[in-house]
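Below is one structure; the comments refer to it alone.
All heavy atoms count here, side chains included; hydrogens, waters and symmetry mates do not. If you're wondering where the values come from, they're calculated on a predicted model, not measured in any experiment.
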Amino acid sequence: MQSMTLPQMGNGATAATVVRWLKQPGEPFSAGDVLVELEIEDALVHVEASQAGTLARVVAQPRQTVKVGNELAQMEAAGAPAPQSKQETTVTEQPSAVSQRASSGTPGNVTPILMPQAGNTMEEGTVISWKVAEGDRIAAGQVICEIETDKATIDFESPDGGRLARFVAQEGEIVPVKQPIALLAENDADADAYLAAGGSAAPTAAAPATASSGTSVGAAAAPAEMRVSTGPPPTTAEGRIKASPAARKIARERGMDLAALGAGSGPGGRILSADVLTAKLPAAVSADGQPVRRPMRKMRRAIGLNLQRSKQTVPHFYVRMTIDAGPLFAFYRQQKPQTNCTVNDCVVLAVGRAMAEFPGVRSQIDGDEMVEFPHANVGIAVGVEDGLVVPVVRRVESLSLAQLAVEAKRVVENARNGKLENIGQGNFTVTNLGMFGVEDFSAIINPPESGILAVSALRESVIVENGAIRPGKVMTLTLSTDHRVVDGVLSARFLGRLKEILENPSEELT
């Protein structure tokens, strides 16, 4: 088995984003077959196989950005050495990471496990906890650790199997993407030789300095509840505040802003959990009445860039309808004791049922092609401490209201605790500001999806019906669609069908 790495590009590009794989793991290919489609700044690039073989494992997933020389996949040749990749025009074949290590004197029977890049904006991750121990044998696909990214906490599955010889990253340590966090080797001597030749194991994280008699490191003696900051908190080059995972969790639960805590008592001013527990927050403005400047958080910056790109590159088209929400509210109250559902659960289920009837709404652009997805995978926008995340409920059209209520609560609660479900699998999003009394708003599409539904407050109003007026309840729905995929007529038909479902929920949602 041999690595397929990203080749040098003829126009000088140093990285490329995976658009899609044309072959799947376990699938054979012939010489000249296109294996993967990549996107660079000004073109799409097809990477072909130079000889026949089988795609063993995909390393770089769609939408992941990979630098030149980094691994894309692993392949097995058909009765010959595994094929190297070649570009459709001219490429420079790169030696695999294993051969590079061998030429530098590093043992070739050591396999490093690298910090994954879960999204284009991720530049580093924190190892929260290890689920295995040094010396354990692990299988490919086994969850070996929990990693905190800029947006969520994820369970990381090992891309390879073997004996885990060494932890390179200790719990609580921040590691750049594509850098080793552990080593697989049959004996410890090879792992130690690898570390000696190519780097060093991360030092064991020192225990947090505990304060005696109410004293914290780097501050004068003071009561514990009055810990005084000696300066702003340290940040990484990307603007991320240096804090332990436990500190982030406690701050999130208490609604506290880490930037307002100042420097912590950990090494280099890193904020520890004890700092959060004993913190007294400063005022929102400085003593002289001037505004306080803080570095933009990494998640907030990622959200801003993503939505800015969406608004600038996706031609948004808006359709708005106000529905008679009386039947919906009555249905919700009837179903609540049996299903513990919310009004938003009813809306999400209605969206899934409507999407099942309109394939165009569950389609999106992928390069020069239109991709139609077989199921309604609906994202639910959830506000968290640092911004907004979108966990996804899969196959909504096939769920009952009771099943959806359980699944929606689970993914939303996990998202608020930092764990996102089904990242990148959504094909439509529902965002609801009704609980804040918002009567009407338009939402920005979450790319690469082609639609998002903005749900406003369910409110009392006057309804005109057959020339007569009566009191009732209404709700305004605003549909934003990508006009390249969903035109005006389709948008209107979809929203009209959604209105019909929500105004007749006893017939349509049971």
Side-chain angles (χ1 to χ4, degrees), residues 1-5 56-61 64 66-67 69-74 94-118 122-149 153-208 236 242-246 266-268 270 272:
M1 188 174 298
Q2 191 170 349
S3 293
M4 167 187 171
T5 58
R57 184 171 69 88
V58 170
V59 176
Q61 302 297 326
Q64 182 175 334
V66 181
K67 294 182 179 179
N70 282 359
E71 191 174 40
L72 291 171
Q74 291 184 343
Q94 300 293 315
S96 69
V98 175
S99 63
Q100 290 173 352
R101 289 200 302 270
S103 64
S104 63
T106 307
N109 53 350
V110 175
T111 302
I113 298 177
L114 308 181
M115 173 65 71
Q117 185 174 24
M122 180 179 171
E123 298 178 0
E124 63 185 16
T126 303
V127 178
I128 302 296
S129 63
W130 286 101
K131 308 296 185 184
V132 293
E134 289 184 346
D136 287 354
R137 299 203 70 86
I138 62 175
Q142 177 181 343
V143 174
I144 60 171
C145 65
E146 193 175 45
I147 292 174
E148 182 186 60
T149 73
T153 300
I154 61 174
D155 289 332
F156 176 52
E157 300 177 357
S158 175
D160 296 289
R163 177 180 176 272
L164 197 151
R166 287 287 182 267
F167 291 146
V168 179
Q170 303 300 322
E171 292 183 354
E173 184 176 354
I174 298 174
V175 181
V177 297
K178 304 300 182 183
Q179 294 300 311
I181 60 174
L183 302 178
L184 299 180
E186 288 304 314
N187 59 75
D188 294 339
D190 286 344
D192 292 339
Y194 175 90
L195 293 172
S200 59
T204 301
T236 65
K242 294 182 178 179
S244 71
R270 191 180 189 213
L272 305 177

**Study point:** Partner residues of R166 under the salt bridge (Lys or Arg N to Asp or Glu O under 4.0 Å) criterion, sequence neighbours left out
**Key:** D188, D192

Check your understanding: Is there any ring-ring contact (aromatic ring centres under 6.0 Å, His included) pair reaching into residues 123-149, and which pairs are they, with sequence neighbours excluded?
Key -> W130-F167

Point to revise | Note, L184 side chain near I113 side chain (heavy atom, < 4.5 Å) | key: yes

**Study point:** Backbone of T5 reached by a side-chain donor or acceptor of S3 within 3.5 Å
**Key:** no

Exercise for review: Please assess N70 against K178 for the test side-chain contact (heavy atoms from CB on, under 4.5 Å), listing each intermediate value before the final yes or no.
Suggested key: CA-CA 8 Å; N70 282 359; K178 304 300 182 183; 3.9 Å; yes

Check your understanding: Looking at residues at least two apart in the chain, or sitting in another chain, which of them share a side chain to side chain contact (heavy atoms under 4.5 Å, CB included) with V59?
Key -> R57, E71

Practice item. Show your working on side-chain contact (heavy atoms from CB on, under 4.5 Å) between T126 and E171 and close with a plain yes or no. Key: CA-CA 8 Å; T126 303; E171 292 183 354; over 6 Å; no

**Study point:** Flag if over 12 foreign heavy atoms under 6.0 Å of NZ, K131
**Key:** yes

Check your understanding: Who pairs with A56 by side chain to side chain contact (heavy atoms under 4.5 Å, CB included), at least two apart in sequence or on another chain?
Key -> M1, E76

In a table with atom names and distances, give each donor-acceptor pair under 3.5 Å that connects a side chain of residues 138-147 to protein atoms at least two apart or in another chain.
| residue | atom | partner | partner atom | Å |
| --- | --- | --- | --- | --- |
| Q142 | OE1 | A139 | N | 3.0 |
| E146 | OE2 | K419 | NZ | 3.0 |

**Study point:** Trace of the salt bridge (charged side-chain N to carboxylate O under 4.0 Å, His left out) decision for R137 with E186
**Key:** CA-CA 9 Å; R137 299 203 70 86; E186 288 304 314; 3.1 Å; yes

Practice item. With sequence neighbours excluded, tell me which residues meet side chain to side chain donor-acceptor pair (under 3.5 Å) with Q179. Key: none

